[in-house]
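Order of listing sets the numbers, starting from 1, for every ligand and every atom in it.
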Amino acid sequence: MSTLALNNVRPYGEDVTNILINTADGVIAEIAGTPFTDADDAIDCGGNILLPGLVDMHVHLREPGREDTETIATGSDAAAKGGFTAVFTMANTQPVIDQPFLAEAVWEKGQAYGTCDVYPVGSITQGLAGEQLTEIGLMSRSHVRMFSDDGRCVNDPQLMRRAIEYAKAYDVILAQHAEDHRMTADACAHEGETAAKLGLRGWPRVAEESIVARDIIMTRDYGGRYHLCHASTEGTVELLRWAKGQGIEVTAEVTPHHLLLTDECLNTYDGNYRVNPPLREARDTIALRDALLDGTIDVVATDHAPHGSEDKCVEFEHAKPGMLGLETSLAVVAQVFVQSGLADWRFVAKVMSERPAEILRLKDQGRPIAAGEPANLTVVNPDATWTVHGKELKSKASNTPYEEMAFNARVELTLLRGAVTYDATSN
Ligand code: DOR
Ligand code: ZN
């Protein structure tokens, strides 16, 4: 048996222990109170925190079609640097992932590269055109566990009803980007005081909430596994809370940027702050934090959306929506919840690993840190102050909204099935 020891680690930020990994089969072999000194390789983790490898339900890796902004390889490396061992890459590529062979190609490329498990998300409608459903059943046999037209909303209620029924029949997840496009034409900012002052066309909360309300009722009546992408408003939180109270099976995600930033960032007119749904107001941010804390929102997902500088360093209303997230999300979540004292590292493990793995039924992710479990792990230093510089990120793009911001938590090491996929000391 070839072995790797992670000595002197604190699982979930709790007591110090030592982990022995069987690297041949990628499984945790043993956990003991004394360091493993005769392992083939040993890393002294200096009392850092050990978490199950993070799982991101929502990223855009841009391959196929926009490999100039991100590829499955560069996105996998960004993911590993961010502590992730599995990501779900959205279907809004060129071509759209609307056929089984395209989904298979994404999965196989990710596996061949090998630094992160990259699961393809299939589109709900062909070409994201919102007219005809894709072959949900066929794609569900080609590594697709989740379907989404993300970037676009399935606006047509009759089509959405059919999608829910098919998704139920094939026991897959439907993830909705909730935006009534008729209410957001030309909008580039949250509809509120800031947009009014800056002269930007606003996207009202109701454009999201009306779709969320409709979809919740549809899920109540037609069943299935409905997931809401990037919840962004206080009203959405109230609707989700009502739905869960009724026993309706909906799940939801929130992005790090909606947890930390508000539309006041737009005062700079910096295109890096343009995102869909837009940054909202403080009361939304607070409601989203509370919702994640009490389980109304299930998970954090980054919506990692790389764009080239030609699409970001332009007038605000011409900037493409989207922000990088993979390499900063753990730092943001640690700052908002752990450093503030709102929650502990167990909570971080839950919302960034266990819960997403559970929702997507990944058997080998989000598992307890215990002997016999897969060695998908991430080591985090909670006190390594670092500053974000877009140009230094692994991502091919550099459109981070956190440029020059300092954070405390930093990923030191990521392991996928016992193999090191990121090591801060050699990067
Ligand atoms: O800001 C966003 N960017 N929101 C989306 O829904 C899509 C994404 C993208 O693909 O760039
Ligand atoms: Zn979206």
Participant: Test your reading of the structure: does Gly322 have an N or O sitting under 3.5 Å from an N or O of ligand 1?
Facilitator: yes
Participant: Does ligand 1 have any atom sitting under 4.0 Å from a heavy atom of His230?
Facilitator: yes
Participant: Tell me whether the centres of the aromatic rings in His58 and His230 are closer together than 6.0 Å.
Facilitator: yes
Participant: Taking 4.0 Å as the limit for heavy-atom contacts, which would you say applies to Met90 with ligand 1: side chain only, backbone only, both, or neither?
Facilitator: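 Neither; no heavy atom under 4.0 Å.
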Participant: Let me confirm one number: the CG-CD1 distance from Leu239 to Ile216, rounded to the nearest 0.5 Å.
Facilitator: 5.0 Å
Participant: May I ask whether Arg62 has any heavy atom positioned less than 4.0 angstrom from an atom of ligand 1?
Facilitator: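 True for this residue.
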Participant: Hey, looking at atom 2 (C) of ligand 1, which of Thr255, Asn276, Asn399, Thr93 has the closest heavy atom?
Facilitator: Asn276
Participant: Which distance, rounded to the nearest 0.5 Å, do you find between the CG of Leu260 and the CG of Leu288?
Facilitator: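 Leu260 atom CG to Leu288 atom CG measures 12.0 Å (nearest 0.5 Å).
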Participant: Evaluate the side-chain hydrogen bond (donor to acceptor under 3.5 Å, both in side chains) criterion for residues Tyr113 and Asp77: first the C-alpha distance (whole Å), next the side-chain angles of each, then the deciding distance (0.1 Å), finally the verdict.
Facilitator: CA-CA 9 Å; Tyr113 191 70; Asp77 285 343; 2.6 Å; yes
Participant: Relative to the heavy atoms of Asp303, which atoms of ligand 1 are at a distance of less than 4.0 Å?
Facilitator: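 Going through ligand 1 atom by atom, the ones under 4.0 Å from Asp303 are 4 (N).
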Participant: Can you tell whether the side chains of Glu70 and Arg62 come within less than 4.0 Å, N to carboxylate O?
Facilitator: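 Between Arg62 and Glu70 there is no salt bridge, as every charged N stays at least 4.0 Å from the carboxylate O atoms.
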Participant: What part of Lys320, side chain from CB on, backbone N/CA/C/O, both or neither, has a heavy atom under 4.0 Å from ligand 1?
Facilitator: neither
Participant: Under 4.0 Å from a heavy atom of Val275: give me the atoms of ligand 1 that qualify, with their elements.
Facilitator: 1 (O)
Participant: Using a 4.0 Å cutoff against the non-hydrogen atoms of Gly151, which atoms of ligand 1 qualify?
Facilitator: 6 (O), 7 (C)
Participant: Salt bridge check, Arg241 against Glu238: does any charged N sit closer than 4.0 Å to a carboxylate O?
Facilitator: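 So Glu238 does not pair with Arg241 through a salt bridge.
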Participant: Within 45° of the axis and under 6.0 Å from the centre of the six-membered ring of Tyr222, does NZ or CZ of Arg161 qualify?
Facilitator: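 So Arg161 does make the cation-pi contact.
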Participant: Write out the residue and atom name of the closest protein heavy atom to atom 8 (C) of ligand 1, then the distance separating them to 0.1 Å.
Facilitator: His60 NE2, 3.7 Å
Participant: Under 2.8 Å from the Zn ion (ligand 2) - does any N, O or S atom of His230 fall there?
Facilitator: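 So His230 counts as coordinating the Zn ion (ligand 2), yes.
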Participant: Any idea which atoms of ligand 1 are less than 4.0 Å away from a heavy-atom of His307?
Facilitator: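 Atoms satisfying the 4.0 Å criterion: 11 (O).
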Participant: When you measure from the Zn ion (ligand 2) to each N, O or S atom of Asp150, which atom gives the shortest distance?
Facilitator: OD1
Participant: For the Zn ion (ligand 2), find the closest N/O/S atom belonging to His177 and write down its atom name.
Facilitator: ND1
Participant: Consider ligand 1: state whether an atom of it lies below 4.0 angstrom from any non-hydrogen atom of Arg274.
Facilitator: no
Participant: Considering only non-hydrogen protein atoms, determine which one is nearest to atom 3 (N) of ligand 1 and report residue, atom name and distance to 0.1 Å.
Facilitator: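 Protein heavy atom with the smallest distance to atom 3 (N) of ligand 1: Pro321 O, 3.1 Å.
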Participant: Are any of the side-chain nitrogens in Asp171 or Arg225 under 4.0 Å away from the carboxylate oxygens of its partner?
Facilitator: yes
Participant: Are Arg220 and Asp215 ion-paired here, with the side-chain N under 4.0 Å from a carboxylate O?
Facilitator: no
Participant: Are Arg346 and Glu14 close enough for a salt bridge, meaning some N to O gap below 4.0 Å?
Facilitator: yes
